[in-house]
Amino acid sequence: MEFPENEKKSLNFIESIIEEDLQNHKNEGRVHLRFPPEPNGYLHIGHAKSICLNFGLAEDYNGLCNLRFDDTNPEKEDIEYVDSIKEDIQWLGFIWDKSPYYASDYFEQLYKWAEMLIEQGKAYVDEQPQELISQQRGVPTRPGTESPYRNRPITESLDLFRRMRAGEFKNGQMILRAKIDMSSPNMHMRDPIMYRILHQEHHRTGNDWCIYPMYDYAHGQSDYIEGITHSVCTLEFEIHRPLYDWFLDQITDSTYRPRQIEFARLNLSYTVMSKRKLLELVQKGLVNGWDDPRMPTISGLRRRGYTPESLRNFAERIGVAKRDNVIDMGVLEFAVREHLNKITDRVMAVLDPLKVIITNYPEGKTENMMLVDNPENPDSASHEVPFSREIYIEQDDFLEDAPKKFFRLAPDREVRLKGAYIIKCEDFKKDENGRITEIYCTYDPESKSGEAGSQRKVKGTLHWVSAPHAIDAEVRLYDRLFVDEDPAGHKETDFKEFINPDSLKVIAKAKLEPWLQKAMAGDKFQFQRLGYFCADKSSNSGHLIFNRTVGLRDNWAKSNA
Ligand code: ATP
Ligand code: MG
């Protein structure tokens, strides 16, 4: 990124590290990052942050960024997730180096290194049950207990490890452990597990393997194999760094070395971001799939109408932190509103229709009003909006007993119909329940928008749709998925208890201006006065469906929450 000299952006701490490494010509001056998702779920907005960071740094420093699937746990992984992850990254607008990488491609090499460590007396096969091993690890303030198998002969460990691979043992019967330090204050250094037995088919390697490497053993070595220079991860891995380095010490020469750097993960208010919890919402049918527009997944945000630009701007704006923090959902919504304001055409739609009859307007007459598509764009085109004797306005834009400051329609009061005429309410009709069913108005023929004589000002402007020309659409309004700011943060209460029962409101028959008939799945619009809307992926000309992406104003702000 280029900045004029006097307003050079200050570097974040990761950029500072990279620049220092470049100055020292570390790793031959290469910058090579990676984004390493585990394919056990769909990506969420936190991953988007990590993607923007890693791929963004690669772009800024003329480097590269790999996509690497961290597929070392076949129990939870699936090809569906692999595909969705690729789609999401491409949609965000990033290009990974070469084809995607898979940790499973390194299983053979990782296995060889493991044998090497055994031969050097730095790893051993333990036969104790898992619970005992955990107990022996002890607590950080006191040394742990060494396993009775810790000092078994190298040849015995080697033989057992080969037989583990050959499938001679059951799940959990044996494990391979690194021999490091059972009294280290860092629990991760107390002879951590390198391999476990898992008789489980893998989505890529099939039944080739029945032993699988642990994350800590696979990750740094994968970085090394790919020539990664800066391995950016979230803070919870800080405590794993000595182990990351210990494994690398065993295999690296002095000329090249990846470096792990940790930053604070993104936390957002009013949502959950663990893939396990998101999976639970999907599996229990509490949402309509991974791409439900209420989900914080990238696919959910896309379906809701978020743009790649808005997510990238959001990631840029929140920056990188070294300490955990929580970002207000309003910041994310601000980013999408800002972008949609620039790019969307303005249209009119009425969600809760109330019929208005303009008694002095000729029956059967239609006028085509010209409305500017996007006033934010100086070169914007306009489109025709038909006007006629019968129109719809919103129910709540009329009040029978209106207070003085109500600048919408009320008996004997005037409003402007956006892009059309000024009308005055003369009368109205109610049903037996007191609900207003029809309004009778007169219009001022001299008040047509954009024409001489239209200078007359009235306080309120309403959106409207011509009744005979209106098209029907289903409109889905979303509210926050959880009623609690931190649904996963309660020890006593399951996060699902905080699901907002009113997070989805479906309007079966909204009335839209006819221009919207052309809307294709994914098309985005500003419905005047109502917010930004996106045609759903299942929308078609026979049954139009729109999702509200976001309202026009911040409804999350505390003051009017
Ligand atoms: P979860 O805990 O939700 O299952 P994860 O961290 O296990 O997520 P991975 O697939 O391992 O998910 O994550 C891939 C990359 O995305 C990792 O580098 C991880 O640090 C990063 N990442 C995951 N969640 C966030 C987040 N909330 N903010 C920033 N980066 C994240
Ligand atoms: Mg993970």
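Both ligands and their constituent atoms are indexed starting at 1 by order of listing.
- Each of D292, T549, D291, V550 was scored for a side-chain contact (heavy atoms from CB on, under 4.5 Å) with R304, with one residue passing: T549.
- Distances from atom 22 (N) of ligand 1 to the heavy atoms of H219, R276, H47 put H47 nearest.
- Which of K277, K76, R265, E236 comes nearest to atom 25 (C) of ligand 1 through a heavy atom is settled by distance: it is R265.
- Heavy atoms of H44 come nearer than 4.0 angstrom to ligand 1 in at least one pair.
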Exercise for the section: Kindly determine whether F482 and F498 satisfy ring-ring contact (aromatic ring centres under 6.0 Å, His included), including the steps that lead there. Expected result: CA-CA 5 Å; F482 294 94; F498 297 105; 7.9 Å; no

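- Comparing S274, P296, P37 against atom 14 (C) of ligand 1, the shortest heavy-atom distance belongs to P37.
- Which parts of ligand 1 touch S50 is read off a 4.0 Å heavy-atom cut-off, strictly below it: atoms 16 (O), 21 (C), 30 (N).
- When each atom of ligand 1 is checked for a heavy atom of M273 under 4.0 Å away, the hits are 3 (O).
- Ligand 1 lies out of reach of F237, whose nearest heavy atom is not under 4.0 Å from it.
- For ligand 1, the atoms lying closer than 4.0 Å to a non-hydrogen atom of P36 are 14 (C), 18 (O).
- Ring pair Y256/Y224 is parallel by interplanar angle, where below 30° counts as parallel and above 60° as perpendicular.
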Problem - Pair F13-F263, ring-ring contact (aromatic ring centres under 6.0 Å, His included): steps then yes or no - result: CA-CA 9 Å; F13 74 98; F263 75 103; 7.9 Å; no

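- Judged purely by atom type and a 3.5 angstrom limit, H490 has no side-chain atom pairing as donor or acceptor with the backbone of E492.
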Exercise for the section: Start with the C-alpha distance between Y195 and Y217, add both sets of side-chain angles, then the distance that settles ring-ring contact (aromatic ring centres under 6.0 Å, His included), and finish with yes or no. Expected result: CA-CA 8 Å; Y195 271 91; Y217 177 60; 5.7 Å; yes

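- Each of the following atoms of ligand 1 lies closer than 4.0 Å to a heavy atom of E38: 9 (P), 10 (O).
- When the heavy-atom distances from atom 8 (O) of ligand 1 to K49, E262, K275 are ranked, the shortest goes to K275.
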